[in-house]
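Reviewing the structure listed below.
Everything numeric here is computed off the predicted structure, so don't read it as measured data. Letters A, B, ... mirror the listed sequences (proteins, then strands); counts begin at 1.
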Amino acid sequence: MTRKGLYALSTVIYLVLMGLITIPPVTQALDRVSPRILGFPFFQFFLVLVPVLMAVWLVVWFLWECKIDDANADRSKEKGGDVR
Amino acid sequence: MMSQAAVSIGCILGYFAINAVIIRILGKKQESLEEFGVGNRSFGWLLNAFAYIGGWYTGTIYTGWFANAATIGVFAQYVIIYSVSSLFIMFFMARPVWVLGKVYGLVTQGDLIELRYGSKKFKFVFALLTFLFWSPWLILETKSIGYVVQAATYSSIGFNLGLIIVSAFVIGYCFLGGARASAAGGLVQGITFTIVGVLAVYWLIVRVYGGMGDMYDLVEEFNASLLTLGALGGKYWASVVITCTLGGYVLPGVFATIYRADSSRAVKKSVLLAPLAGILIGFTILSLGLGLGSFSDFPEDPQSSAFWISGKFGGPVMVGLMGILALAACMSTISAVLNTASVLIAKDLVGSLLPAKTNESLFKYARVLTVGVGILAILIATMDIPNLMFISLVMYDCTVQSFPAIFIGLFWRRANLPGVSVGFAVGCLFSLVGNLYPASIAWAGGWSGGMVGVVINVIIIVVCAYTCKPYHRVDELFNTVRTYKEVYSKKLI
């Protein structure tokens, strides 16, 4: 995957997660106390889940981008260029 | 009571001594504006991470937000959502902002605006308004210090005296050590409220409620509506989360975080710690506050409830520790704002008005302004300002209006000066009118003035992009970002 592709994927993931916690019809559907999930009240569970998923994706994004950058650097070394 | 106060004051004084020693060890002599403002772009990822965390998480989380958790329930947890979601925006911006900063020697957010749109006048107006929109938070944090010192010392040190002593300490190290001292302080303070704070607050949750599950049972029985958004949900909740997310990442301090790292990879690496810290700090402290309304002796002033519950279940040592946590959060935020604001005024405002001034003389201005802005903040904080929190939130809604100019400008070549300047002005107008006269935007069906302003702002930028010419150097800037070869280091500090 290219850096552009990774950024596009991150945008989609970001919009989906933000949508889950902000789009009014969705939040209204989630805005309940029962049933409890893993001991958390229903809405509280999503209030924790969304930032946790975002944090996990940020780590994946960082590692993936490092991999792309390193691959680009190796390629440019082979070609003798300096584009990273 | 006096012996309890002595224990608490002793804890706080000991913490101040640790701060002073670490800031002294990590500090460097300040010799230039670049050193003073962005630490010569030399910060390793760990120093940058905690400097960022320290600057971002404010002391009000232990006072105002804590009180909100007790009175309006889970709605207060929007702080967790936007703190993490706005890091996505930081990830997007990190490389272009860092590369342009490095190549063109940018020190402030205004420098980036001038470089991207080619206008010194727009830079001046943009920087002035951004500073004005941001400044109420400096006052709020300075006021929080007074609150915290008074509550943590059982009122043996008064509000004004407390805020003067602590603020003078912060002003002192910012004046002497600039961005590096602010970051070193942020490192100690950030580690304190991230690691010690989370453990201490979790211990309190167990002592007060018996555990998280028991706390939820208690709240469900006492007032189940605290566990839902209820009437505060829908478009209002969405507006708050979205505007805070967008606004948070165009604050001038965020640009300082990006510039002072030694590479864009270091920025991203340092940002990886922030969501974890945000979730843990926000979730534990706001969960502790969630069930406190069920206590019959819950204080009349809910802002002091974190200290009240600490004293009730942990004695004076816990009150002292809570004081340290809250002071750590306040000091790290104030030092970050002071340093960035003094450089902003010197470079973007004085530098624009007096273009003949060299960076050397602007550096001297920045140092003096650190003291000037700090003293002004203390003076205003000692006054009784009604509705300061409301003013701060309205200003935040205005801050959001700079998001399109920066973010769209970084990724879209067609964005141009007429579009961003008119969009910014119209967006700010909608934010102000929508907040001061909510009836005027009733047609928006519950969306806030800030949200309406952002949408109109973006529409104006898009329309102007197809009707006006872009800045002639824009291709050069985009090519610089695309082709710049970064050297990555693994430096920690």
Given that the side chain runs from C-beta out, which part of A/Arg36 has a heavy atom under 4.5 Å from chain B: side chain, backbone, both or neither? side chain
Considering only heavy atoms and a distance below 4.5 Å, find which of A/Thr22, A/Ile23, A/Thr27 pairs most often with chain B. A/Thr22
Option in A/Ser10, A/Gly39, A/Pro41, A/Ala55 with maximal non-hydrogen atom pairs under 4.5 Å from chain B: A/Pro41
Counting only heavy atoms closer than 4.5 Å, note whether A/Val26 contacts chain B via side chain, backbone, both or neither. neither
For B/Ser239 versus B/Gly446, what's the shortest heavy-atom pair and its separation? OG-O, 4.3 Å
Quick check on A/Met54 against chain B: is it the side chain, the backbone, both or neither that has a heavy atom closer than 4.5 Å? both
Classify the side-chain pair B/Asp262/B/Tyr488 by whether it contains a donor and acceptor separated by less than 3.5 Å. no
Side chain from CB out, backbone as N, CA, C, O: work out which of these in B/Ser287 comes under 4.5 Å of a heavy atom of chain A, or both, or neither. neither
Taking only residues at least two apart or on different chains, which pairs with a member in residues 223-238 of chain B satisfy salt bridge (Lys or Arg N to Asp or Glu O under 4.0 Å)? none
Nearest heavy-atom neighbours spanning B/Ile53 and B/Ala277: CD1-CB, 3.9 Å
Testing A/Tyr14, A/Phe62, A/Tyr7 for ring pair (Phe, Tyr, Trp, His ring centres under 6.0 Å) with B/Phe88, which one passes? A/Tyr14
Which bit of B/Leu280 comes within less than 4.5 Å of chain A, counting heavy atoms only: side chain, backbone, both or neither? neither
Quick check for you: among B/Leu229, B/Leu227, B/Val241, which has the greatest number of heavy-atom pairs under 4.5 Å with chain A? B/Leu229
Does the pair B/Arg265/A/Asp70 count as a salt bridge with the N-to-O cut at 4.0 Å? yes
Option that, when pairs with chain A are counted at under 4.5 Å, heavy atom only, ranks first among B/Trp237, B/Phe91, B/Tyr78, B/Phe283: B/Phe91
Can you say whether B/Phe92 sits under 4.5 Å from chain A via the side chain, the backbone, both, or neither, judging by heavy atoms? both
For B/Ser86 and B/Thr245, test the side chains for any donor-to-acceptor distance below 3.5 angstrom and give the result as yes or no. no
Shortest non-hydrogen pair, B/Pro96 vs B/Phe411, comes out as CG-CZ, 4.1 Å
Find the one option among A/Pro51, A/Pro25, A/Ser34 whose heavy-atom pairs under 4.5 Å with chain B are most numerous. A/Pro51
Top contributor to chain A interface from B/Ser83, B/Ser85, B/Gly234 [non-hydrogen pairs under 4.5 Å]: B/Ser85
